[in-house]
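What follows is one structure encoded as structure tokens, with my remarks underneath.
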Amino acid sequence: MVGTSPPGVAPSYHFAIGSVEIFERKLEAAQRDLGIEARDFIPVQYVNETNWMAEAAKLLPTILIVGSWLYVMRSMGASGPGG
């Protein structure tokens with residue numbers, strides 16, 4: 001279940017937001033509307049995660065083109081005149 005943690009561990013929630021500024025304004029407004037003191041506001045920690053498989057997939061076409069070019073160049077060199 002999302003947001004559940006083992007006993008003795010603080011829960012953590014993960015989600016994606018569009019704009020940090022808008023999210024912070026809305027979060028602050030919601031907490032003020034609920035009457036929460038500023039010192040008791042929920043702490044927010046931002047983490048950027050990189051999907052390395054997606055980054056590698058972006059390089060795949062270039063690697064294939066360069067690899068094919070190298071293969072063709074080596075093949076052409078091997079079939080040249082034997083002098």
Side-chain angles (χ1 to χ4, degrees):
M1 180 183 287
V2 175
T4 60
S5 299
V9 177
S12 66
Y13 300 91
H14 304 269
F15 55 93
I17 58 174
S19 167
V20 173
E21 294 82 20
I22 293 173
F23 172 73
E24 287 178 347
R25 268 191 275 138
K26 287 184 177 183
L27 179 62
E28 184 176 331
Q31 292 178 103
R32 289 195 191 285
D33 290 346
L34 291 171
I36 299 173
E37 295 291 325
R39 69 176 189 275
D40 296 326
F41 279 3
I42 297 170
V44 178
Q45 178 181 4
Y46 299 101
V47 177
N48 290 326
E49 296 181 356
T50 302
N51 182 345
W52 291 108
M53 291 302 291
E55 295 300 319
K58 291 178 188 177
L59 293 174
L60 187 61
T62 303
I63 292 169
L64 289 173
I65 290 170
V66 170
S68 298
W69 181 77
L70 288 172
Y71 176 76
V72 168
M73 290 296 124
R74 292 183 130 226
S75 297
M76 290 176 61
S79 65

Connected via hydrophobic side-chain network under 4.5 Å: Val66 and Met76: yes
Cluster check Leu27, Leu34: I/L/V/M/F/W/Y, side chain < 4.5 angstrom: no
Distance in Å, Ile65 CD1 paired with Leu70 CG, rounded so as to fall on 0.5 Å steps: 12.0 Å
Rounded distance (nearest 0.5 Å) linking atom CG of Leu59 with atom CG of Leu64: 11.0 Å
NZ/NE/NH1/NH2 to OD/OE distance under 4.0 Å, Glu21 and Arg25: no
Met53 atom CE: more than 12 heavy-atom contacts under 6.0 Å: no
Atom of Ile36, atom of Phe41 and distance for their closest heavy-atom approach: O-CE1, 3.3 Å
Non-hydrogen atoms of Thr50 and Glu55 that approach each other most closely: CG2-CG, 3.9 Å
Pair Glu24-Val44, side-chain contact (heavy atoms from CB on, under 4.5 Å): steps then yes or no: CA-CA 9 Å; Glu24 287 178 347; Val44 178; 6.0 Å; no
